[in-house]
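Working notes, beginning with the structure itself.
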Protein chains: 2
Amino acid sequence: MVTAELHDIASARLRTTGQRYTTRRRALVEVLDQADGPLTIPQILELDRSLAQSSAYRNLAVLEQADVVHRIVTNDDFARYELAEDLTEHHHHLICRTCGSVADFTLDPSVEGDLDRVLADVADAQSFQADHHRLDLVGTCADCR
Amino acid sequence: MVTAELHDIASARLRTTGQRYTTRRRALVEVLDQADGPLTIPQILELDRSLAQSSAYRNLAVLEQADVVHRIVTNDDFARYELAEDLTEHHHHLICRTCGSVADFTLDPSVEGDLDRVLADVADAQSFQADHHRLDLVGTCADCR
DNA sequence: GCGTGAATGAGAACAGTTCTCGGTTCAGCC
DNA sequence: GGCTGAACCGAGAACTGTTCTCATTCACGC
């Protein structure tokens, strides 16, 4: 997605919840857009030194509520943030148990389709209203091997 | 798995790390064995009032290090604990975004096999040493619909 | 420019988790 | 059975990622 378009969508989604798309919030979206995986707050602050910690937490919460960003938590100490899937593409995570890093990967659409069908059956059987699935691969990243 | 056998294995695994399989640790394993999904510390303490919070945290950490229990974290406030997969069976989680509850479900072995093959390819391509995969279904549970 | 309400950032507060420490229990040895 | 030292226990303090507070600043409509 083109960055300008990304900002337009983010702006529109914030407006529908009565929020402004401010400089700081734009900066957060930009940092997340340039990353190739979910980032922790310390990583975000490191990448844009102009951001204050408390504001970063608050603004990421606002952006999450507007469905612009998505918060994920691993066994790592910090939560991680990434752009909402409909702003990027459906993907999964390679989670390193040694250093805690998280990288993205995608599956073949046909595999995703099969998976969705199977999971829909499971959800039906349990009267569970499924919103989305989450598939992670846990192990050791190339750097830590 | 028969409970007696479960305790034998737990005991053996703790011994290899120089730890004892004490009454409190046995109680934790028993509570987790009887649950039909991962439990939070408050839930565990509720189910066995004889357990002290600080000891529960410590002993669950010990049991995790001995690969007897497994710690998972969701977007909920509390971490959750379940028995290690090789003491139960390979399964996945239905995670309710409303109440935070987590229930188990299993997939057809053939689907699991397909998934494993696809994921093995992904891991190879990225020089990632995969240990296991994790597949969750996020949505709304029957009670919260 | 002015007024008003949202946004900001520094630091306090909060809460889940971990650590400390004095007392207790257990395994191994005699 | 009694001794001894190490492991374990529980209550509370400490720690730390996150959230909240509040005085100040900023953005937008007039």
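A note on names: the letters A, B, ... follow the listed sequences, proteins ahead of strands, and every chain is numbered from 1. Computation of the quantities below employed the complete heavy-atom set of this structure, encompassing side-chain atoms and omitting hydrogens, waters and symmetry-equivalent molecules.
A straight line from CZ of A:Phe78 to C1' of D:dT19 spans 15 Å, rounded to a whole angstrom. One can place CG of A:Leu60 at 11 Å from P of C:dT8, the figure rounded to the nearest angstrom. Summarising the geometry, the separation between CZ on A:Arg58 and P on C:dG9 is reported as 8 Å, rounded to the nearest angstrom. To the nearest angstrom, C1' of D:dT19 lies 14 Å from CD of A:Glu64. Rounding to whole angstrom units, CG of residue B:Leu14 and C1' of D:dA6 are separated by 16 Å. Regarding A:Leu51, its CG atom lies at a distance of 11 Å from the C1' atom of C:dT8, rounded to whole Å. Rounded to whole Å, the distance from CG on A:Leu45 to P on C:dG9 is 11 Å. Put simply, CD on B:Gln65 is 14 Å from C1' on C:dT18, counting in whole angstrom units.
Transitive grouping of hydrophobic side chains (ILVMFWY, heavy atoms separated by less than 4.5 Å) keeps B:Val102 and B:Ile41 in distinct clusters.
Among the heavy atoms of the strands, none lies under 4.0 Å from B:Arg15. Among the protein residues, B:Ala79 comes within range of the sugar-phosphate backbone only, with heavy atoms under 4.0 Å from sugar or phosphate atoms but none that close to a base.
With B:Asp136 contributing its side chain and B:Val138 its backbone, the two residues share no donor-acceptor pair below 3.5 Å.
OP1 or OP2 of C:dT8 sits under 4.0 Å from a side-chain N or O of A:Asn59. At least one side-chain nitrogen or oxygen of B:Ser55 sits closer than 4.0 Å to the OP1 or OP2 atom of D:dG10. The shortest distance between the side-chain N/O atoms of B:Arg20 and the OP1/OP2 oxygens of D:dA6 is not below 4.0 Å. At C:dA7, none of the side-chain N or O atoms of A:Arg26 fall inside 4.0 Å of OP1 or OP2 (strictly under the cut-off). The side chain of B:Gln19 contributes no N or O atom lying less than 4.0 Å from OP1 or OP2 of D:dA7. Between C:dT18 and B:Tyr57, no contact under 4.0 Å exists linking OP1 or OP2 to a side-chain N or O.
The base of C:dA7 has none of its N or O atoms less than 3.5 Å from a complementary donor or acceptor on the side chain of A:Thr22.
Among B:His133, B:His70, B:His132, the one residue that satisfies the ring-ring contact (aromatic ring centres under 6.0 Å, His included) test with B:His90 is B:His133. Considering A:Arg15, A:Arg26, A:His7, A:Arg13 in turn, A:His7 is the only one that fulfils the side-chain hydrogen bond (donor to acceptor under 3.5 Å, both in side chains) rule with A:Tyr21.
The 5' end of DNA chain D is approached more closely, in terms of each residue's nearest nucleotide, by B:Gly18 than by the other of B:Gly18 and B:Ala52. Residue-to-nucleotide proximity on DNA chain C shows that, of A:Ser50 and B:Asp77, the 5′-proximal contact is made by A:Ser50.
Side-chain contact of A:His91 with A:Glu82: a donor-acceptor pair under 3.5 Å is present, judged by distance alone.
Here D:dT18 is the nucleotide among C:dT17, D:dT18, D:dA11 with the atom lying nearest to any side-chain atom of A:Arg71.
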